[in-house]
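Below: the structure, in C-alpha cells.
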Number of protein chains: 2
Amino acid sequence: MNIGEAAKQSELPPKTIRFYEEIDLVKPSRLGNGYRDYSPSDVHTLRFLQRSRSLGFTIEECRLLLSLYADDRRASADVKALANQKVAEIDRKIKELRSLRKTLSTLAENCHGNDKPDCPIIDDLAGEHRQ
Amino acid sequence: MNIGEAAKQSELPPKTIRFYEEIDLVKPSRLGNGYRDYSPSDVHTLRFLQRSRSLGFTIEECRLLLSLYADDRRASADVKALANQKVAEIDRKIKELRSLRKTLSTLAENCHGNDKPDCPIIDDLAGEHRQ
DNA sequence: CTTGACCTTCCAGTTGGTGGAACCTCTATA
DNA sequence: TATAGAGGTTCCACCAACTGGAAGGTCAAG
C-alpha cells in the first residue's frame, strides 16, 4: 500500500510517516518504482504510534512501548510504570498551569482594562509592585 | 555591568541573555574589550522578560508587552486582553491534560502490573480493544 | 607568569514535525 | 498518444526557545 493510503488508515500525515521512517520507527519495503510499500503490520505500527503520541508519550517512549509490544515476554509492570510516570508528569504540568492561571487572572482582574495607560499587569511584569 | 552580573540580577542564564540580544529584545552597549555592558535599564528589561516568559508568554508576546510597557500612552485594555487570552489558552491546555490523564490512569488501573505479558495498556495502544 | 574565571563568536543539537522546491510516476481522458 | 493532475520521491530549510561545546581573548589574583 502507498503512503497516502497508509496515512489515511493511521491518521498520520505522510510527512510524519516519512519522518518516523527516518528515525527508524517503521521500515516499509520499496516497490520497483521507489515508492514505499506499507504492509498491514506497518500500518498497525503507525496506528500504535499515532495513539501513543496522542496520549502524550514522547517519541523515545513510543520506541520503548513498541519494543515492549514486540516482546511477548514483557512484564506488564514495565508498561504500567511508564503509564503511571506519564500520569505523574501530567499532574505536575496541570499543577504548574493552575498556578500560572491564578497569577495571570489575578493580575487581569486588578487591571481596569480601559484606554488609560495605568496597568497593574505591566507594573507587575516590570517589577513595580505597588500595593 | 558584565553579562554574568546581569544574569544574576535578572535570573536568566548568560546564554539566554545573548540569545535575547540576537533577536533584538535587548541591546547592551559594548566596552573597549568587546564585553557587553548592561545598564540598569537593560537589566530591568531582562527581568521583565524573565517574568513574562515564566508567566507563559511567548517571545513575540513579550516583545509586544515590552513595546506596550515603553508606550506611556498604551491602553491598559490591550494588556488585559493579552493576559486574558493567555488565561484562556491555559484553560484549554489544562482541559486537554485532564482528559489525557483520565485516559492514561484508566488504562493503568486496568493493568495488573505483574511480570506477565498480558497488558491492557499495550492492547489499547495496539488497537486491540477487548472487553 | 601562570592559573582560573569570565568573556567572545560560531556552529550544532534539541523535539516533533511542517513547508516548499525540484523532480519522477501513474492513471485517466481528449 | 499526448497531457494533465494526483500522488510519489529526495533534500533542505524552518518553527520555539534555548542549550552545549569548541576555540580563543581578557582580566584579576597570587
Side-chain angles (χ1 to χ4, degrees), chain A residues 1-39 42-43 45-66 86 89-90 93 96-97 100, chain B residues 1-39 42-43 45-66 86 89-90 93 96-97 100:
Chain A
M1 142 188 3
N2 280 352
I3 198 169
E5 184 57 29
K8 259 174 223 151
Q9 292 191 22
S10 63
E11 292 170 275
L12 284 171
K15 280 265 183 189
T16 301
I17 297 181
R18 292 195 194 96
F19 172 69
Y20 286 170
E21 179 178 352
E22 201 180 310
I23 60 175
D24 297 313
L25 282 174
V26 66
K27 294 142 189 104
S29 54
R30 296 285 178 138
L31 298 173
N33 57 12
Y35 283 23
R36 288 167 177 82
D37 185 25
Y38 294 86
S39 68
D42 289 331
V43 173
T45 300
L46 290 173
R47 268 213 295 259
F48 188 103
L49 288 168
Q50 192 281 326
R51 178 100 176 106
S52 42
R53 284 288 298 128
S54 76
L55 282 175
F57 290 99
T58 67
I59 292 280
E60 286 318 303
E61 285 163 347
C62 291
R63 203 187 294 279
L64 175 56
L65 285 168
L66 274 175
K86 220 61 205 169
E89 252 172 61
I90 291 171
K93 276 185 201 164
E96 199 181 329
L97 285 176
L100 226 52
Chain B
M1 148 189 358
N2 280 352
I3 198 170
E5 185 56 28
K8 257 175 223 149
Q9 292 191 21
S10 63
E11 291 170 275
L12 285 171
K15 280 266 183 189
T16 300
I17 297 181
R18 291 196 194 96
F19 171 69
Y20 286 170
E21 179 177 352
E22 201 179 311
I23 59 175
D24 297 313
L25 282 174
V26 66
K27 296 139 188 107
S29 54
R30 297 283 179 141
L31 298 174
N33 56 13
Y35 284 23
R36 287 167 178 84
D37 186 25
Y38 294 87
S39 69
D42 290 331
V43 173
T45 300
L46 290 173
R47 267 212 297 259
F48 188 103
L49 288 168
Q50 192 281 327
R51 178 101 177 106
S52 42
R53 284 288 300 128
S54 77
L55 282 175
F57 291 99
T58 67
I59 292 279
E60 287 318 303
E61 285 164 345
C62 291
R63 202 187 294 277
L64 175 56
L65 285 169
L66 273 174
K86 220 62 204 167
E89 253 173 60
I90 291 171
K93 277 188 199 162
E96 197 181 332
L97 285 176
L100 227 52

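Excluded from the calculations below are hydrogen atoms, water molecules and symmetry mates; all remaining heavy atoms, backbone and side chain alike, are included. Each chain gets a letter, A, B and so on, in the order the sequences are listed, and its residues count up from 1.
More than 12 heavy atoms of other shown residues, nucleotides or ligands fall within 6.0 angstrom of atom CD in B/E89.
Across all strands shown, B/I23 has no heavy atoms under 4.0 Å from either base or sugar-phosphate atoms. Contacts of A/P14 with the nucleic acid, taken as non-hydrogen atoms under 4.0 Å apart, are absent.
Checking the phosphate oxygens (OP1, OP2) of D/dT19, a side-chain nitrogen or oxygen of B/T16 falls inside 4.0 Å. One finds a side-chain N or O of A/R53 lying less than 4.0 angstrom from the OP1 or OP2 phosphate oxygen of C/dG17. In this model, the phosphate group of D/dT9 is not approached by any side-chain N or O of A/N33 to a distance below 4.0 Å at OP1 or OP2.
Separating the CZ atom of A/F57 from the P atom of C/dG17 is a distance of 15 Å, rounded to the nearest angstrom. The distance between atom CZ of A/F19 and atom C1' of D/dC12, rounded to the nearest whole Å, is 15 Å. Put simply, CD on B/E21 is 14 Å from C1' on C/dC10, counting in whole angstrom units. Note: CD (A/E22) to C1' (D/dC11) measures 10 Å, nearest angstrom. B/M1 places its CE atom 18 Å from the P atom of D/dC27, with the value rounded to the nearest Å. Distance A/E5 CD to D/dG7 P: 11 Å, rounded to the nearest Å. Rounded to whole angstrom, the span from the CD atom of B/Q50 across to the P atom of D/dC18 amounts to 10 Å. What separates OH of B/Y20 from P of D/dA16 is a distance of 13 Å, to the nearest Å.
For B/R18, the side-chain atoms get nearest to C/dT9 when compared with the rest of C/dT25, C/dT9, D/dT19. The side chain of A/R30 sits closest to D/dT9 out of C/dT8, D/dT9, D/dT19.
Judged by distance alone, the side chains of B/D42 and B/S39 do bring a donor and an acceptor atom under 3.5 Å apart.
Under the 4.5 Å side-chain criterion, counting only non-hydrogen atoms from C-beta, B/I59 is in contact with B/R53. Looking at heavy atoms from C-beta onward, B/N2 lies out of side-chain contact with B/D37 at the 4.5 angstrom threshold. Put simply, the side chain of B/L55 does not reach to within 4.5 Å of the side chain of B/K86, judged on heavy atoms. Residues B/Y35 and B/I3 fail the side-chain proximity criterion, which asks for heavy atoms closer than 4.5 Å.
If you check distances only, the side chain of A/K15 never reaches the base of C/dG16 with a donor-acceptor pair under 3.5 Å.
For the pair B/R36 and B/K8, both in contact range of DNA chain C, the more 5′-proximal nearest nucleotide belongs to B/K8. Comparing A/Y38 and B/E60 by the nucleotide of DNA chain D whose heavy atom lies nearest to each, the residue mapping closer to the 5' end is A/Y38.
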(request) Output, in order, the C-alpha distance, side-chain angles, deciding distance and verdict of salt bridge (Lys or Arg N to Asp or Glu O under 4.0 Å) for B/R63 and B/E60. (result) CA-CA 5 Å; B/R63 202 187 294 277; B/E60 287 318 303; 3.0 Å; yes

(request) Under the salt bridge (Lys or Arg N to Asp or Glu O under 4.0 Å) rule, what do B/R36 and B/E21 come out as? Steps first, then yes or no, please. (result) CA-CA 10 Å; B/R36 287 167 178 84; B/E21 179 177 352; 2.5 Å; yes

Taking N or O atoms only and anything under 3.5 Å, show me the protein contacts with nucleotides 1-5 of chain C, one pair per line.
none

